[in-house]
2 protein chains.
Amino acid sequence: MPSYDPSTFPPFAVTVDLVVLTVRRHALCALVVRRGESPFQGRWALPGGFVRTDEDLGAAAARELVEETGLCAHDPAAPAVGNGAHLEQLATYGDPGRDPRMRVVSVAHLALAPDLPAPRAGGDANSARWAPVVDLLGPGGGFGRDGEQSEPLAFDHARILDDGVERARSKIEYSSLATAFCPPEFTVGELRRVYEAVWGVVLDPRNFHRKVTGTPGFLVPSGGTTTRQGGRPAQLFRAGAATVLNPPMLRPEV
Amino acid sequence: MPSYDPSTFPPFAVTVDLVVLTVRRHALCALVVRRGESPFQGRWALPGGFVRTDEDLGAAAARELVEETGLCAHDPAAPAVGNGAHLEQLATYGDPGRDPRMRVVSVAHLALAPDLPAPRAGGDANSARWAPVVDLLGPGGGFGRDGEQSEPLAFDHARILDDGVERARSKIEYSSLATAFCPPEFTVGELRRVYEAVWGVVLDPRNFHRKVTGTPGFLVPSGGTTTRQGGRPAQLFRAGAATVLNPPMLRPEV
DNA sequence: TCAATAGTGTCTTTAAGACAGTATCGC
DNA sequence: GCGATACTGTCTTAAAGACACTATTGA
């Protein structure tokens, strides 16, 4: 083990970047902000900022989340419902060349939020937006298709976003985290459309209904019904106490 | 978004810590090193060290792994076999009080290695050892049981180790990563004993054999046989090209 | 011979996939 | 009425769990 001398450690800057995902109009969307400064001035980027001197990594991510969206981060142990978002650490990115100015290590976090009215970004309305991830990454995770896409994200944020999307896609398989995309009360159909948007597939409504209502602790009937989707009124549910789904939801083959 | 001034960023030290796991004598073991300096002098800790100024995080982890064990880290895309170890990023720990001397953010990595002759630690034979994780963490992840346990690990390394063990336990469910604990050629029984040691359960040898040999691309017969386990000679296999197991291996209920 | 491990086969049970059919709303 | 969505039910199939049985070595 190398000698450990606190006075000669190589200096780093440490930031948190946020992959904030939501489902809007049947599409998985991510929160991006317009950069006002060089480098990558004018390009879209993930929200983020420096970790403060006496602040834990998770606290820094929660603070950034409030600043960007007004969402409160839930305790990770509690079910992610209500007007708070699920927040968890994603991965850390520290390539020496990822920021041209200096050595920056970014601890990326993943947040899952229900559909929100509109993002805010320090008062500047035009500097933040929800963008469909297919526009930001392309259908296969790369660029260069169709005409609807933005230019590439700043820094290595396309890779971070891709990792976050893949984390969300896999986590809703074996956890009840898909409810974090829903309002406090939701129908089975709304939950199914969340899975369809995140996975980019079409699911059989009957088998889906059997699966989610048959998994103990996943959904709890709230008593009410709604007709906001049209058709026959649907029963309303809240997220139950279960956090892991065993057996898991199976993502259909491509 | 807060102002981004590279000249006034809060200074951090960034380290990598390693959770190196192996299976020895039917027990899941972790590599720990004896601390020679304060704080926690004389206590066991996970190996690790500073990230160098122009070094990627994964490169720093791979360098530490070589320094501590002599193992080469495999490319994450390639199957983890042979005399190299599987290495992946685990999580990042940055609580402001986790190191009493200064603000240190540690990017923990997880390495899975086959059974090795003996650890080395800079020439000092007594300063590194393979310790059963049940001795380091206790059966339930806590301390205070039996008499066989060491004193708690230094810093927050018990939590890091616990996270690494849980990552390994879940990853061998849906990936072929259990072969990273095996030598280049191994039998079905040896692979089963890896699962049993990592999960701490007993598996049905017949169902296990059906499962692993029936999953395409998991195991490839190497042609030879061995009798090193006693009893009827067993067919030898190498790890196949498959990296994900679908459907997964099912971990029995507790 | 026996003990130990390797390997194959069968029956049962769980749960997913693929459907059909009925129920209850707005229009 | 019609269209839409919600919900229940049935048949089939994939795969795990729980066994019995045979095969091949060393001691």
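The basis for the numbers below is simple: all heavy atoms, side chains too, and nothing from hydrogens, waters or symmetry mates. Throughout, a chain's letter reflects where its sequence line sits, starting with A, and its residues are numbered from 1.
A cation-pi arrangement, defined by a distance under 6.0 Å to the six-membered ring centre and an angle within 45 degrees of its axis, is absent between Arg25(B) and Trp130(B).
No engagement by Arg228(B) is indicated, since no non-hydrogen atom pair under 4.0 Å with the nucleic acid exists.
Rounded to whole Å, atom P of dG7(C) lies 11 Å from atom CD of Gln229(B). Between Leu203(B) atom CG and dA6(C) atom C1' the separation is 16 Å, expressed in whole Å. The interatomic distance linking Gln235(B) (CD) with dT5(C) (P) rounds to 19 Å, in whole Å. When rounded to the nearest whole Å, the span between CZ of Phe208(B) and C1' of dT8(C) equals 17 Å.
Summarising the geometry of Val33(B) relative to Ala128(B), their closest heavy-atom pair is CG1-CB, 4.0 Å, with the distance given to 0.1 Å. Residues His157(B) and Ala45(B) share a closest heavy-atom pair of ND1-CB, 3.6 Å. The shortest non-hydrogen separation linking Thr215(A) to Lys211(A) is OG1-O, 2.8 Å.
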* Contact state string [nucleotides 16-26 of chain D, B base, S sugar-phosphate only, - no protein heavy atom under 4.0 Å] -> BBBBB--BBB-

* salt bridge (charged side-chain N to carboxylate O under 4.0 Å, His left out) between Asp163(B) and Arg167(B): does it pass, once the steps are laid out? -> CA-CA 6 Å; Asp163(B) 290 346; Arg167(B) 172 79 67 92; over 6 Å; no

* So Glu196(B) and Arg251(B), salt bridge (charged side-chain N to carboxylate O under 4.0 Å, His left out) or not? Walk me through it. -> CA-CA 10 Å; Glu196(B) 291 177 334; Arg251(B) 174 160 34 162; over 6 Å; no

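Within 6.0 Å of CZ in Arg169(B) there are more than 12 heavy atoms belonging to other residues, nucleotides or ligands.
Contact of the Phe181(A) side chain with the Pro114(A) side chain is not registered, since no non-hydrogen atoms from C-beta on lie closer than 4.5 Å.
Close to dA6(D), at under 4.0 Å from its OP1 or OP2, lies no side-chain N or O of His209(A).
Less than 4.0 Å separates DNA chain D from no heavy atom of any residue of residues 168-175 of chain B.
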